[in-house]
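What follows is one structure encoded as structure tokens, with my remarks underneath.
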Amino acid sequence: MFLKKYKMNFIEELRWRGMIHDMMPGTEEQFAKEMTSAYIGFDPTGDSLHIGSLVQIMILIHLQKAGHKPFALVGGATGMVGDPSGKSAERNLLDNDTLNHNLNCIQKQLERFLDFNCGTNSAEMVNNYDWFKNMNFLDFIRDVGKHISINYMLAKDSVKSRLETGMSFTEFSYQLVQGYDFYWLWKNKNCKVQLGGSDQWGNIVTGTELIRRKGGGEAFACTTPLIKKADGSKFGKTEGGNVWLDKTKTSSYKFYQYWINASDEDAVNYIRIFTLKTKTEIEALEKEHTAAPHLRVLQKALAEDITIRVHSKEDFDAAVSASEVLFKKGAEALAGLKSMSEAIFNDVFEGVPQAEIALIEMEAGIAIVDVLVAKTNFLSSNSEARRALKENSISVNKDKIEEDSILTAKDLINGKYILIQKGKKNYFLVKVV
RNA sequence: GGGGGAAUACUCAAGCGGUCAACGAGGACAGACUGUAAAUCUGUUGGCUACGCCUUCGUAGGUUCGAAUCCUGCUUCCCCCA
């Protein structure tokens with residue numbers, strides 16, 4: 001019956017996209033049987049989600065599109081404890097102000113991706129602090145702890161791997177706290193499935209176990225694989241750290257650039273995971289890409305789709321025009337820069353680091369090394385600047401420059417700017433005031 | 001409580017009295033080639049007022065003409081015995 005109403009099978013959908021790592025027996029049948037509520041928890045360790053969490057967001061979107069009901073849980077309580085999964089050392093506890101700030105920020109980001117007002121399968125946002133704030137310790141160890149044995153808890157990888165180096169009771173009990181979340185949602189919200197990253201498997205299973213023993217019910221789990229890049233490096237990291245969803249932390253330009261720079265091999269996987277394009281659409285794109293790889297159709301489609309969905313159409317357009325100007329060669333790029341109106345220019349360079357230099361100083365002339373270091377802090381030491389200049393990696397206004405060059409007012413674009421770059425991708429804008 | 005060992009740059013890891021700003025590997029950055037890809041090749045990877053100078057080898061002292069290398073105290077970590 002349910003299948004007839006919604007033509008898309010949730011698990012099938014995730015499967016061809018390569019988004020399933022592990023699944024409990026019966027999970028697929030559960031989704032096929034009826035409209036099912038499922039949840040994913042988000043950790044408030046920072047004040048923004050990053051593109052790693054985007055995978056989980058996509059899962060919830062697919063879930064809702066398939067006609068099921070998504071719960072996005074923010075961990076106001078679990079955030080106070082600290083998940084030991086994948087961590088080799090004890091974590092520092094967040095203070096309450098930071099935690100609340102993070103919770104608010106993350107909640108706002110999540111709201112953007114799901115439909116909270118579409119009838120029976122509207123998304124819901126929950127905070128586990130709500131059911132933990134009045135729970136007292138004795139109740140917890142009597143009503144929850146009694147159902148799960150220490151032996152069972154010790155067998156979890158997240159615990160086992162820490163037995164040598166040590167782990168506080170706080171982190172040890174994390175799986176019970178998260179397990180109780182699942183139990184609570186199962187009991188009060190009829191939530192039968194928990195989804196999440198593969199590192200969450202142990203925690204999730206503690207939940208289903210608790211539901212079985214304490215509630216005599218059945219619950220299910222499905223996890224996504226950890227995303228890896230073809231070259232083995234970490235997904236979602238750049239020189240400057242994490243790629244965040246918040247555009248004040250990662251500018252739209254940089255966000256767009258992250259995706260456009262994906263290798264062919266990675267792009268094939270990413271487009272399945274991070275966009276909602278259909279199988280047919282994706283296969284067509286891949287065909288096109290194979291026929292003319294230098295056009296990078298896949299990367300472009302990927303970057304466009306994600307940037308628009310996470311930021312906005314305007315942000316995407318700005319990022320594209322900035323990229324077009326910045327990645328054109330020599331004279332052409334310079335002409336492009338010169339012909340730009342000030343408004344567009346500012347827009348293009350919004351996400352590019354900048355510094356100001358007084359016009360009088362510029363007119364007097366400044367040695368390139370000083371421009372790179374003392375005046376702008378673009379590079380961190382004179383040695384580094386000299387080295388870079390020797391390596392022929394510094395360009396001023398798209399032209400390679402000599403180590404002993406002196407910049408003057410003549411080098412200003414439209415009398416106002418100088419564009420410096422190190423290598424192909426690192427830009428810096430000097431403004432004259 | 002007793003005994004033994006270890007701490008070196010972003011990470012791993014040489015060095016055990018001068019030739020050490022410190023071998024090598026990985027990573028990172030850059031150059032060439034390309035497609036703002038991958039692979040490959042090459043260079044760089046403490047600072048400075050720069051063919052010279054200064055500060056670095058857990059920390060504080062000491063021995064010596066001279067120490068990352070030897071000695072002593074301290075800190076941290078590991079192993080063995082109780």
Side-chain angles (χ1 to χ4, degrees), chain A residues 88-90 162-167 228-243 250-271 274 285-304 306-307 316 318-330 332-333 336-337 348-349 351-353 366-370 372-375 377-396 398-404 406 419-428:
Chain A
S88 55
E90 185 81 11
R162 287 274 294 278
L163 285 179
E164 284 284 317
T165 54
M167 165 182 231
K228 281 201 228 103
K229 295 209 289 185
D231 63 5
S233 58
K234 263 196 178 164
F235 168 77
K237 293 269 184 199
T238 64
E239 257 186 281
N242 278 325
V243 180
T250 300
S251 70
S252 300
Y253 169 76
K254 284 201 183 127
F255 189 84
Y256 171 79
Q257 282 290 327
Y258 184 80
W259 300 106
I260 207 86
N261 270 305
S263 68
D264 291 359
E265 220 171 321
D266 291 329
V268 169
N269 297 325
Y270 294 173
I271 201 153
F274 294 104
L285 281 168
E286 281 175 8
K287 220 173 191 179
E288 215 181 312
H289 188 273
T290 320
H294 60 282
L295 294 178
R296 288 179 298 137
V297 181
L298 272 176
Q299 284 90 338
K300 282 181 186 162
L302 177 72
E304 173 174 356
I306 305 179
T307 310
F316 164 72
V320 172
S321 46
S323 304
E324 271 170 6
V325 172
L326 294 177
F327 286 97
K328 269 185 189 154
K329 303 241 158 58
E332 208 184 336
L337 285 172
V348 164
F349 289 102
V352 173
I366 309 175
I368 180 65
V369 173
D370 291 333
L372 289 170
V373 185
K375 301 291 177 191
N377 287 321
F378 177 36
L379 303 183
S380 56
S381 75
N382 288 357
S383 303
E384 191 187 340
R386 292 212 177 84
R387 202 182 298 135
L389 287 159
K390 280 202 183 78
E391 285 169 344
N392 204 23
S393 66
I394 302 294
S395 303
V396 168
K398 306 295 291 185
D399 263 332
K400 296 290 182 190
I401 192 162
E402 303 280 322
E403 188 180 343
D404 49 9
I406 290 177
L419 181 66
I420 308 177
Q421 70 193 101
K422 171 171 175 265
K424 276 178 206 154
K425 295 172 190 175
N426 302 298
Y427 289 90
F428 194 90

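Since the structure is predicted, the reported quantities are computational estimates derived from the model, not experimental observations. The analysis underlying the following values was restricted to heavy atoms, covering all of them including side chains, and did not include hydrogens, waters or symmetry mates. Throughout, protein chains are lettered first and strands after them, A, B, ... in sequence-line order, and every chain is numbered starting at 1.
As the counterpart of B:G1, B:C81 is assigned, both hydrogen-bonding distances of the Watson-Crick or G-U wobble pattern falling under 3.5 Å. The partner of B:C10 is B:G26, judged by Watson-Crick or G-U wobble contacts that both fall below 3.5 Å. Pairing for B:C16 is absent, judged as Watson-Crick or G-U wobble with the two contacts each under 3.5 Å. The pairing partner recorded for B:A21 is none, the criterion being a Watson-Crick or G-U wobble arrangement whose two distances lie under 3.5 angstrom. For B:G66, there is no paired nucleotide, since no Watson-Crick or G-U wobble pair has both relevant distances below 3.5 Å.
Between the side chain of A:Thr250 and the backbone N or O of A:Phe255 there is no donor-acceptor pair closer than 3.5 Å. No side-chain donor-acceptor contact under 3.5 Å links A:Asp266 to the backbone of A:Ala262. Within the 3.5 Å criterion, the main-chain N or O of A:Leu326 finds a donor-acceptor partner in the side chain of A:Lys398.
When each of A:Arg387 and A:Glu384 is assigned the nucleotide of RNA chain B bearing its nearest heavy atom, the one mapping closer to the 5' terminus is A:Arg387. The nearest heavy atom of RNA chain B to A:Lys390 and to A:Ile394 marks one nucleotide each, and the one closer to the 5' end goes with A:Ile394.
Aromatic ring centres of A:Phe349 and A:Tyr427 lie farther apart than the 6.0 Å criterion allows.
Aromatic ring pairs are classed by plane angle as parallel below 30°, tilted from 30° to 60° and perpendicular above 60°; the pair A:Tyr270 and A:Phe235 is perpendicular.
Scanning residues 251-261 of chain A for heavy-atom distances under 4.0 Å to RNA chain B yields A:Gln257, A:Ile260, A:Asn261.
A search for salt bridge (Lys or Arg N to Asp or Glu O under 4.0 Å) contacts involving A:Lys390 returns A:Glu403, not counting sequence neighbours.
An OP1 or OP2 oxygen of B:G35 is reached within less than 4.0 angstrom by no side-chain nitrogen or oxygen of A:Lys424. Regarding contacts with the backbone of B:C48, a side-chain N or O of A:Ser381 is found under 4.0 angstrom from either OP1 or OP2.
Backbone-only contact: A:Lys400 has heavy atoms under 4.0 Å from sugar-phosphate atoms and none from a base.
For A:Asn382 against B:G47, no side-chain N or O and base N or O form a donor-acceptor pair under 3.5 Å. In this model, a side-chain donor or acceptor of A:Glu391 finds a partner on the base of B:G43 within 3.5 Å.
Here the side chain of A:Phe327 is nearest to one of B:U36, B:U49, B:G47, namely B:U36.
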